[in-house]
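What follows is a set of notes on a single structure, which appears directly below.
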Amino acid sequence: AYAEASRAYTDALTRARGDGRGDAREDALDAGEDATGAARGDGDAATCLANRAACWLKLERYEDAARDCDEAIAIDGTYAKAYARRARAREALGDEEGALEDWERTRALAPRDATARDETRRLKPVVERKREEMKREMLDKMKDLGNSLLGNFGLSLDNFKAEKDATTGSYSIQFVNEKKRSTTGDEDDEDDEDEDEDEEEEFVGGKKSFAAPPAMGGAAKEGEQPPECKQQ
């Protein structure tokens with residue numbers, strides 16, 4: 001049925017763009033679609049294009065639907081249905097951001113359109129999440145490129161630190177010498193080890209020394225031989 005309707009709208013579109021414009025409205029009605037509000041000439045063409053786009057959507061020919069809506073909008077930039085149908089086609093083609101723009105435009109042209117309102121609310125978080133994913137992918141690619149270039153000089157992006165100014169909100173880039181900072185840390189560790197050794201030496205040097213105990217039989221006086229031990 002939709003394929004037949006699309007052919008009827010194609011015939012009506014041909015007449016609308018030619019000399020037989022008076023038959024366009026009748027052909028559109030015969031196709032089973034409402035052509036109310038369509039004017040002669042370009043108005044008929046915009047209506048036929050948008051209605052044929054509705055047929056393409058049902059037939060899952062999304063590129064054809066989007067293309068017809070593009071033409072309809074080019075003819076009449078205030079045609080809300082053309083934006084709504086293009087939104088459907090764009091989302092089906094994976095262009096969620098373009099679909100959101102079309103739904104927002106539809107809401108602006110038809111504020112009471114509940115479908116446009118609901119679709120706008122549904123797509124907003126989807127688009128925001130996709131933007132964040134794309135941003136991360138782009139930053140990762142830029143980081144890989146930057147590291148490949150800086151690697152020729154023995155550097156990487158880790159050597160550069162971005163700091164945000166709380167007052168102005170702007171960022172400043174500072175160079176961080178990782179090698180120097182690492183060397184300084186090693187020197188600090190060596191200083192700490194030296195200090196520990198000094199403290200240990202001071203502790204040992206500060207210990208009290210005890211005199212050796214006297215030999216058995218008493219200590220010998222100067223010039224005297226130590227007493228001999230006699231067997232009993």
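None of the values given here were measured: they were computed from a predicted structure. We count residues from 1, following the sequence as given.
- Scanning for side-chain hydrogen bond (donor to acceptor under 3.5 Å, both in side chains) contacts around R90 gives D102, with sequence neighbours left out.
- The nearest pair of heavy atoms linking V127 to E96 is CG2-O, 3.6 Å.
- Residue A46 comes nearest to Y79 through the heavy atom pair O-CE2, 3.5 Å, listed as atom of the first residue, atom of the second, then distance.
- Linking ILVMFWY side-chain heavy atoms closer than 4.5 Å, directly or via other members, places Y2 and L57 in two distinct hydrophobic clusters.
- Here the straight-line distance linking atom CZ of R107 with atom CG of D113 works out to 9.0 Å at 0.5 Å rounding.
- Between D70 and R86, the closest heavy-atom pair is OD1-NH1, 2.8 Å.
- Every side-chain contact (heavy atoms from CB on, under 4.5 Å) that A84 has, sequence neighbours left out, goes to W103, T106.
- Of the charged side-chain nitrogens involved, none lies within less than 4.0 Å of a carboxylate oxygen, so that K130 and E97 do not count as a salt-bridged pair.
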Trace of the side chain to side chain contact (heavy atoms under 4.5 Å, CB included) decision for E119 with E104: CA-CA 9 Å; E119 290 299 312; E104 289 175 340; over 6 Å; no
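- Rounding to the nearest 0.5 angstrom, the gap separating the CZ atom in R67 from the CZ atom in R61 is 8.5 Å.
- Across every non-hydrogen atom of R52 and L13, the tightest pair is NH2-CD2, 3.8 Å.
- Here the closest non-hydrogen pair linking G77 and R105 is O-NH2, 3.6 Å.
- Within the hydrophobic cluster formed by Ile, Leu, Val, Met, Phe, Trp and Tyr side chains joined at under 4.5 Å, directly or through other members, L109 is accompanied by I73, Y83.
- Remark: N51 CG to K81 NZ distance equals 7.0 Å, nearest 0.5 Å.
- With sequence neighbours excluded, no residue forms a side-chain hydrogen bond (donor to acceptor under 3.5 Å, both in side chains) with T167.
- When every heavy atom of A80 is checked against every heavy atom of A110, the shortest pair comes out as CB-CB, 4.4 Å.
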Step-by-step side chain to side chain contact (heavy atoms under 4.5 Å, CB included) determination, L100 to K124: CA-CA 7 Å; L100 177 60; K124 270 189 176 180; 4.0 Å; yes
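- Distance check: C55 SG to D64 CG gives 11.5 Å after rounding to the nearest 0.5 Å.
- Distance CZ/R88 to SG/C69: 12.0 Å, rounded to 0.5 Å.
- Under the side-chain contact (heavy atoms from CB on, under 4.5 Å) criterion, A3 pairs with R7, L59, sequence neighbours left out.
- The side-chain contact (heavy atoms from CB on, under 4.5 Å) check on E132 picks up K135, R136, with sequence neighbours excluded.
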